[in-house]
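To start, the structure under review is shown below, and the notes come after it.
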Amino acid sequence: MSTMMYERLWQAFLDTIAMVGASALIAFAAGIPLAVFLVLSASGGLIHAPRLHGILAAIINGFRATPFIVLLVALLPLTRWLTGTTIGVWAAVVPLSISATPFFARIAEVSLREVDGGLIEAAQAIGCRRWHIVRHVLLPEALPGIVGGFTITIVSMIGASAMAGAVGAGGLGDMAIRYGYQRFDTTVMAVVIAVLIAMVCLVQFAGDHVVRRLRAR
């Protein structure tokens, strides 16, 4: 690979970091409230709103069932309205966030449901309000599982960001298609794949380390 190609690889790497980083922050900020509401509004929950729970669950399942590449194309009008364009790094943040949020919300929901019911009953017995139960019981107890689920979400987003390169989103996927596949350059393809694997391994290692630290407390 030439010096210019390495510069393009570095820029593509930074674009991928920007795409995944921004989308991950949005998915985390939106996914946690969704997961909490799903748990609280379920039958027997602290809010008990099964109708709203069913509607929200159906919407989340609908987004989760839609393949990312289909969602990417279907959201082009929304992407253009929000960002003013349908290509580039920040245009890819819209479908990545919308795809990752319900995925992470479901994982976080599972972690929240695994919290010992006795802890919630004890908190209710001493007069804790719902917000205090969520903040001081549910979230702290489920935090290791939530972090583990968020790690899985980021890993899946790295793969999705590479797929977004097929429609001009930029990043490593765009480089692999434009300079590797279309120009029949197997070296570029191999290097991009190696970088993606390294990113996934690093994220998984960091996530597992944080989870171990949280469980050791």
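- Ala108 approaches Ile32 most closely through the heavy-atom pair CB-CD1, 4.4 Å.
- The hydrophobic clustering, which links ILVMFWY residues whose side-chain heavy atoms are closer than 4.5 Å, places Val200 and Met175 together.
- Judged as a salt bridge (charged side-chain N to carboxylate O under 4.0 Å, His left out), not a single pair has a partner in residues 14-39 (not counting sequence neighbours).
- The main-chain N or O of Leu172 is found under 3.5 Å from a side-chain atom of Thr16 such that the two form a donor-acceptor pair.
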Identify every side-chain donor-acceptor pair in residues 139-165 under 3.5 Å, counting partners at least two apart or on other chains, and give the distances.
{"residue": "Thr151", "atom": "OG1", "partner": "Val147", "partner atom": "O", "Å": "2.9"}
{"residue": "Thr153", "atom": "OG1", "partner": "Gly149", "partner atom": "O", "Å": "2.9"}
{"residue": "Ser156", "atom": "OG", "partner": "Thr153", "partner atom": "O", "Å": "2.7"}
{"residue": "Ser161", "atom": "OG", "partner": "Met157", "partner atom": "O", "Å": "3.4"}
{"residue": "Ser161", "atom": "OG", "partner": "Ile158", "partner atom": "O", "Å": "2.7"}

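- The CG atom of Leu96 sits 8.0 Å away from atom CG of Leu72, with the distance rounded to the nearest 0.5 Å.
- In this structure, CD1 in Ile17 is found 9.5 Å from CE in Met19, a value given to the nearest 0.5 Å.
- A distance of 4.0 Å separates CD1 of Ile60 from CG of Leu56, quoted to the nearest 0.5 Å.
- Of all non-hydrogen atoms in Glu109 and Ala35, the two that sit nearest each other are N-CB, 3.6 Å.
- Arg64 and Phe103 get closest at one heavy-atom pair: CG-N, 4.1 Å.
- Under a hydrophobic-cluster definition in which Ile, Leu, Val, Met, Phe, Trp and Tyr are linked whenever side-chain heavy atoms come within less than 4.5 Å, directly or via other members, Val211 and Ile107 are assigned to different clusters.
- Taking CG of Leu40 as the reference point, atom CG of Leu138 lies at 6.5 Å (rounded to 0.5 Å).
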request  = Step by step, work out the side-chain contact (heavy atoms from CB on, under 4.5 Å) result for Phe13 and Met199.
outcome  = CA-CA 10 Å; Phe13 172 75; Met199 290 177 64; 3.7 Å; yes

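- Shown here for Leu75 and Pro95, the closest heavy-atom pair between the two residues is CD1-CA, 3.9 Å.
- Both Ile98 and Leu82 belong to a common hydrophobic cluster when Ile, Leu, Val, Met, Phe, Trp and Tyr are linked at side-chain heavy-atom distances under 4.5 angstrom.
- For the side chain to side chain contact (heavy atoms under 4.5 Å, CB included) test, residues two or more places apart in sequence or in another chain that qualify with Ala105 are Leu34.
- Although no hydrogens or angles enter the test, the distance criterion places a donor-acceptor pair under 3.5 Å between the side chain of Thr101 and the main chain of Ser97.
- His53 NE2 to Phe37 CZ: the interatomic distance, rounded to the nearest 0.5 Å, is 9.0 Å.
- Looking at heavy atoms from C-beta onward, Val93 lies out of side-chain contact with Thr83 at the 4.5 angstrom threshold.
- Within the 4.5 Å cutoff, the side chain of Phe63 has no heavy atoms near those of the Ser99 side chain.
- Residues Ala22 and Trp90 share a closest heavy-atom pair of CB-CZ3, 3.7 Å.
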